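Read the structure below first, then the notes.
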Amino acid sequence: MGGPDPDTCSAKGCRSTAAWALLWNNPKLHTAERRKTWLACDEHRGPLSDFLAARQFLRDVEPHQPA
């Protein structure tokens, strides 16, 4: 039943509670308005943001509001 906690960091193997929402899109695949979300804990905010930014996918970073 259930799957991973929906408020868990998106970094591979991380089980920490997410504190940040990284909003991104791939302009080759998504419309300009579309935003996908990766969640990040404090430790992984930088590396995940850097990964998306290097590909010019990162659009915004905002505090995560748990469901």
Side-chain angles (χ1 to χ4, degrees):
M1 289 178 217
D5 181 345
D7 295 319
T8 299
C9 178
S10 297
K12 185 175 181 177
C14 185
R15 294 177 184 235
S16 296
T17 300
W20 302 98
L22 285 59
L23 307 177
W24 65 277
N25 76 1
N26 179 341
K28 292 182 181 179
L29 302 175
H30 307 118
T31 62
E33 304 80 35
R34 171 102 188 257
R35 293 293 181 267
K36 297 184 66 96
T37 303
W38 281 0
L39 298 177
C41 63
D42 287 332
E43 179 181 352
H44 292 112
R45 176 186 175 185
L48 291 174
S49 293
D50 292 347
F51 178 88
L52 292 168
R55 288 152 184 80
Q56 298 182 352
F57 293 174
L58 187 62
R59 302 297 172 242
D60 200 6
V61 177
E62 56 188 41
H64 173 60
Q65 302 298 323

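Since the structure is predicted, the reported quantities are computational estimates derived from the model, not experimental observations. These values consider heavy atoms only, across backbone and side chains, with no hydrogens, waters or symmetry-generated copies.
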In short, side chain to side chain donor-acceptor pair (under 3.5 Å) pairs touching residues 52-67 with sequence neighbours left out are Asp7-His64, Asn25-Arg59
Interatomic distance, CZ@Phe57 vs CG@Leu22, rounded to 0.5 Å, equals 13.5 Å
Residues 35-52 side chain polar contacts: donor-acceptor under 3.5 Å, at least two apart:
| residue | atom | partner | partner atom | Å |
| --- | --- | --- | --- | --- |
| Arg35 | NH1 | Ala32 | O | 2.7 |
| Asp42 | OD1 | Trp20 | NE1 | 2.7 |
| Ser49 | OG | Arg45 | O | 2.8 |

Using a 4.5 Å side-chain heavy-atom cut-off and chaining through intermediate ILVMFWY residues, the residues clustered with Leu23 come out as none
